[in-house]
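Written below as structure tokens is the structure these notes are about.
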Amino acid sequence: MTRFDGEMSPAFEIFEPAEWRAPVIFNSPHSGSTYPDEFLAASRIDLPTLRRSEDSFMDELIGHLSARGFPTVRVNFPRSYVDVNREPYELDPRMFSGRLPSFANTRSMRVAGGLGTIPRVVGDGQEIYRDRILVDDALGRIETLYKPYHRALRRLINKVHQMFGTVVLVDCHSMPSVGVSRDEPRRPDVVIGDRYGTSCTPLLPDRVEETMTGLGYSIGRNKPYAGGFITEHYGNPASGLHAVQLELNRAIYMDERRRERSPRFAQVASDFAVLADVLATTIPFGDLGPFQAAAE
């Protein structure tokens, strides 16, 4: 069974502010860059290719926000090893040696695309593994990495909910500047995903769009990314839980080929601080709590 210690510790980190400003959590689930030796040995592709799946430096772009009064979360293991933005058991049976548990979701669209909880491919479609993986190894990654992360995130969300009566989870990702399909139009600077209006109050994506547009960013909504498992699972507006996904175009803050921060990196980080401050000061959090059911 896979362990996450020594070379890969800690698996994830939560930074709570000394003084809380607002019930807004910033989460970076895909920026992890600590690769286990056994994973690299099992891969048929090299480390630079594996790293194409990372949301590189997104954890740094939001990391300073904890000092400004906002809790931040970052995952340190790579999404190509185990992806926390999936259901816990979205698994492709063709990848594994041994029988998957009966409750595994083997037929989701994400599994079909090779991007399940244990991914089969990196973002551009290249196969990761030389050979099949033992089922016990896959389940071990889920038990020791995936589940502890989600338990900790849920505890943080519950804590914020108890403190403020509502929660806003901003799930932060980055996307390649160019899509795989040549028919895809040029990607905007930021794509806001709210699961087509189901994961949060409409005020939240509207306020994000207004703020980022004012800072000079081009904006898209829900295409090509509407929000993954985290946005869908934790976004429950009727319970006062609001989740929105932000996909940042990598070309605006990094050199994608060299995987290096660009000269604009510091400005983009500063703009995230502006966004956090706007959300803290202009969102009427008192109106975003659980909806009261009508009397029978």
Residues 198-207, side-chain donor-acceptor partners within the protein, below 3.5 Å, at least two apart:
unit_1 : atom_1 : unit_2 : atom_2 : d
T198   : OG1    : R195   : O      : 2.8
S199   : OG     : D194   : O      : 3.1
S199   : OG     : A243   : O      : 2.6
T201   : OG1    : L203   : N      : 3.4
D206   : OD1    : R221   : NH2    : 2.6
R207   : NE     : E210   : OE1    : 3.3
R207   : NH1    : T282   : O      : 3.1
R207   : NH1    : T282   : OG1    : 2.7

Original post:
Looking only at heavy atoms, what is the nearest atom pair of T231 and Q245, with distance?
Top reply: OG1-CB, 3.5 Å
Subject >> Distance under 6.0 Å and angle within 45° of ring axis: R141 vs Y81 >> reply: yes
Original post:
Roughly how far apart are S80 OG and I128 CD1, rounded to 0.5 Å?
Top reply: 5.0 Å
**OP:** Identify whether the distance between the nearest side-chain nitrogen and carboxylate oxygen of R52 and E256 falls below 4.0 Å.
**Re:** no
Subject >> Interatomic spacing from OG in S270 to CG in L215 - rounded to 0.5 Å >> reply: 8.5 Å
Subject >> Atom pair OH (Y234) and CG (N27), whose distance is rounded to the nearest 0.5 Å >> reply: 9.0 Å
Original post:
Hey, does the Lys NZ or Arg CZ of R261 hover above the aromatic six-ring of F57, less than 6.0 Å from the centre and inside 45° of the axis?
Top reply: yes
Original post:
When you check the gap from the basic side-chain N to the acidic O, do R94 and D92 get nearer than 4.0 Å?
Top reply: yes
Subject >> Rounded distance [0.5 Å steps], CG in N222 versus CD in E247 >> reply: 11.0 Å
**OP:** Please examine the side chains of Y129 and R120, heavy atoms only from C-beta on, and report whether any two atoms are closer than 4.5 Å.
**Re:** no
Subject >> From CD (E87) to CD1 (I142), nearest 0.5 Å >> reply: 11.0 Å
Subject >> Distance-only side-chain donor-acceptor flag, E90 / S108, under 3.5 Å >> reply: yes
Original post:
Any side-chain heavy atom of F96 within less than 4.5 Å of one from L134?
Top reply: no
Original post:
With a 4.5 Å limit on heavy-atom distance, are the side chains of E13 and T72 in contact?
Top reply: no
Subject >> Student check: side-chain heavy atoms of F26 and P71 closer than 4.5 Å >> reply: no
Subject >> Pair Y146-D83, side-chain donor/acceptor within less than 3.5 Å >> reply: no
Original post:
Near R130 CZ, under 6.0 Å, is it more than 12 heavy atoms from other residues, nucleotides or ligands?
Top reply: yes
Original post:
Looking at the rings of F285 and F164, which for Trp means the six-membered one, are their centres under 6.0 Å apart?
Top reply: no
**OP:** Ignoring hydrogens and angles, state whether a donor on the side chain of Q267 or D271 is under 3.5 Å from an acceptor on the partner side chain.
**Re:** yes
**OP:** Measure the shortest side-chain to side-chain distance between I118 and M95 over non-hydrogen atoms and say whether it is less than 4.5 angstrom.
**Re:** yes
Original post:
Do L61 and L248 come within less than 4.5 Å of each other through their side chains, counting heavy atoms only?
Top reply: yes
Original post:
Looking at Y253, does the NZ or CZ of R259 lie under 6.0 angstrom from its six-membered ring centre and within 45 degrees of the ring axis?
Top reply: no
Subject >> Qualifying residue, where the test is side-chain contact (heavy atoms from CB on, under 4.5 Å) with M212 and the options are I192, D189, L246, V190 >> reply: V190
Subject >> Shortest non-hydrogen contact from I45 toward L50 >> reply: CD1-CD2, 3.7 Å
Original post:
Is there a side-chain contact between V160 and V168 (heavy atoms, below 4.5 Å)?
Top reply: no
Original post:
Would you say R74 and P29 make side-chain contact, with heavy atoms under 4.5 Å?
Top reply: no
Original post:
Can a salt bridge be assigned to the pair D255 and R250 using a cut-off of 4.0 Å between side-chain N and carboxylate O?
Top reply: no
Original post:
Transitively linked via ILVMFWY side-chain contacts under 4.5 Å: F70 with I62?
Top reply: yes
Original post:
How about H150 and F229: are their ring centroids closer than 6.0 Å?
Top reply: yes
Subject >> Rounded distance (nearest 0.5 Å) linking atom NZ of K159 with atom CD1 of I157 >> reply: 13.5 Å
Original post:
At their closest point, which heavy atom of P290 faces which heavy atom of G165, and how far apart are they?
Top reply: CD-O, 3.5 Å
Subject >> Electrostatic pair E127-R44, nearest N-O below 4.0 angstrom >> reply: no
